[in-house]
Amino acid sequence: MEMRIRFRLNGVVTEVDIEPHETLLNVLRDKLKVKSVKYGCGIGECGSCTVLLDGDPVVSCLVMAAKVDGSEVATPDYIAQTELGKAIVDSMLEEGAVQCGYCIPGFLVTIYAALARGIRDVDEMRKAMVGNICRCTGYVNIVRAVKKTLKRIGSQTPRNAVERPFR
Amino acid sequence: MLSINAFNTYRIPQQLKYFKPGNLQEALEILESVEGAKVIAGGTDLVVDLKYRRVEARALVDISRLSELRFIKLGDGYVEIGSAATIREIAESGVVKEKLPLLAEAAESLGSWQIRNLATVGGNLCTASPAADTAPPLLAYDAELELVSSRGVRIVPLGKFFTGPKKTVIERAEILRSVRVPLTPRTYGWCFIKLRRTSFDIAKVSVAVLLRVEGGFVADVRIALGSVAPTPVRARSAEKLAIGLKFEDAVRVASERVAGDISPIDDARSTAWYRLQTSKVLVKDAMWRAYERFLGAGAWR
Ligand SMILES: Cc1cc2nc3c(=O)[nH]c(=O)nc-3n(C[C@H](O)[C@H](O)[C@H](O)COP(=O)(O)OP(=O)(O)OC[C@H]3O[C@@H](n4cnc5c(N)ncnc54)[C@H](O)[C@@H]3O)c2cc1C
């Protein structure tokens, strides 16, 4: 039983036919070919599949695709191209935050969301990131990249690329 | 459950129908008439269960966007929280932080940011895990649940809601509408402590305490624990013995007597022995911290 959903993906109104048992992760990767969203554990623990749903980070492996009808979704590839996203990516490159890289898109989304909400404290940033697991780096260089991003953006609040649901 | 993951968790291996009712009445009708229909809120428990085939369903009824269920309201003498309010909304709510700080403290510690943005209080209670983080605070606050079905409404005290691990009195075609918490006329000190392995693991042991002291004596204490019995529990006998004692004595007595109120088991997260020992210590710690907050003497964290 197929059903059609309509939502805004990275600013673009998108319609797609889905199966009701599909998750947002399934539809993003397989139907819409958004490969920046990664499948890690599939049970909400690793954070590799993190996307923004109506501006909030969520694990797309536990979100039913049918739920996002009428919502706003932003994925790592899009976020990486925003001003704030670029600042995060540049800092990650400079600080060697990336080893195997599989977890990085998810980290990017969470870090972006936390900064877009105005978090400027490193400990608060650490707390925001507990739902993203990295098995290579030991987090040290990722936290360094966060610190560097904080320095880069200073106290300015970059424009949040993710707008309200459009319904 | 220590087993090698033999499941592919990428997809839900079950065919489903999906309903997005426009209001609560419609949701109840679908639940009543569609065979194998299950309520889905945040999906953070249910989607995992569907992937592992621990739960079979034919259809999902999505209640997460129903405004009738997604509210936090301060009434006269009570706070009412809609079942679809997310854990993040609860943790950040001004009303909850001011009136129910014990619940706010527990909500903050539930899962990760990505989980709290999806997870709801209704889902947390209806899953009925012994480790459900919102349960001990809500037990301590004497919360009541409003259950609705197409046949009517019933009010169930949270203390009578859980009947065993993953079991509640809720019936198939019933929906938890809201959680109602009566406000106490006087202020209480509060503390929620959760012992866990990693930053967002579920609890090995959790303790929630509400405390009021008058002239050095315990006027009221409410102690609830998670992960140490088939359901989240109130430590009634420890409470009873502690009330009326000098605070320091009450702490000692409650910490000893809590053993009689719990029945921990061995599982993948901890042993029964460890849970018993740590329950005693956590009751002590939580009572002290609640006392310090009661006195307004600057909380230690
Ligand atoms: C990575 C991860 C970490 C987690 N960490 C914690 C933690 O630290 N502490 C903790 O307590 N939990 C934790 N959980 C479990 C889960 O997130 C919570 O129990 C959450 O509150 C469930 O809410 P939900 O809205 O997602 O429920 P759902 O999955 O939507 O539903 C759960 C169950 O409740 C039923 N249900 C939901 N709402 C209603 C309603 N209104 N009326 C009737 N039935 C209803 C559903 O049919 C289903 O059976 C974690 C889960 C994950 C995946």
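Below, chains carry the letters A, B, ... as their sequence lines are ordered, and counting in each starts from 1.
- Chain A forms the most heavy-atom pairs under 4.5 Å with one residue out of B:Ile115, B:Val47, B:Leu50, B:Leu60, and that residue is B:Val47.
- Your options are A:Cys61, A:Gly47, A:Ala66, and the one with the most heavy-atom pairs under 4.5 Å with chain B is A:Ala66.
- Inter-residue side-chain proximity for A:Pro57 and B:Asn117 is flagged as met; some heavy-atom pair is nearer than 4.5 Å.
- Proximity to chain B at a heavy-atom threshold of 4.5 Å picks out A:His21, A:Glu22, A:Thr23, A:Leu25, A:Asn26, A:Arg29 from residues 21-29 of chain A, in numerical order.
- Interface residues of residues 90-106 of chain A toward chain B, defined by a heavy-atom distance below 4.5 Å: none.
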- Decide yes or no on side chain to side chain contact (heavy atoms under 4.5 Å, CB included) for A:Asp69 and B:Tyr18, but give the supporting numbers first. CA-CA 12 Å; A:Asp69 184 58; B:Tyr18 200 94; over 6 Å; no
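- Scanning both residues, B:Gln114 and A:Thr110, for their nearest heavy atoms gives NE2-OG1, 3.3 Å.
- Only the side chain of B:Lys51 has a heavy atom closer than 4.5 Å to any heavy atom of chain A.
- Pairs engaging residues 124-139 of chain A under the salt bridge (Lys or Arg N to Asp or Glu O under 4.0 Å) rule: A:Asp123-A:Arg126, A:Glu124-A:Lys127 [sequence neighbours left out].
- Within the 4.5 angstrom heavy-atom criterion, only side-chain atoms of B:Arg88, from C-beta onward, approach chain A.
- A:Met3 touches chain B through its side chain: at least one heavy atom from C-beta onward sits under 4.5 Å away, while N, CA, C and O do not.
- Residues B:Tyr10 and A:Tyr39 approach most closely at N-OH, 3.1 Å, considering heavy atoms.
- Other residues, nucleotides and ligands place no more than 12 heavy atoms under 6.0 Å from the NZ atom of B:Lys17.
- Closest non-hydrogen pair, A:Lys67 versus B:Ser64, comes out as NZ-OG, 3.3 Å.
- Of the atoms belonging to A:Val63, it is side-chain heavy atoms, and not backbone ones, that fall under 4.5 Å from chain B.
- Judged by distance alone, with hydrogens and angles left aside, the side-chain atoms of B:Ser112 form no donor-acceptor pair with the main-chain N or O of A:Val130 at under 3.5 Å.
- For NZ of A:Lys35, the number of neighbouring non-hydrogen atoms (other residues, nucleotides, ligands) closer than 6.0 Å is greater than 12.
- With a 4.5 Å cut-off on side-chain heavy atoms, A:Ile5 and B:Lys20 do not count as touching.
- Interface with chain A: from residues 27-44 of chain B, residues B:Ile40, B:Ala41, B:Gly42, B:Gly43, B:Thr44 qualify, criterion being any non-hydrogen pair under 4.5 Å.
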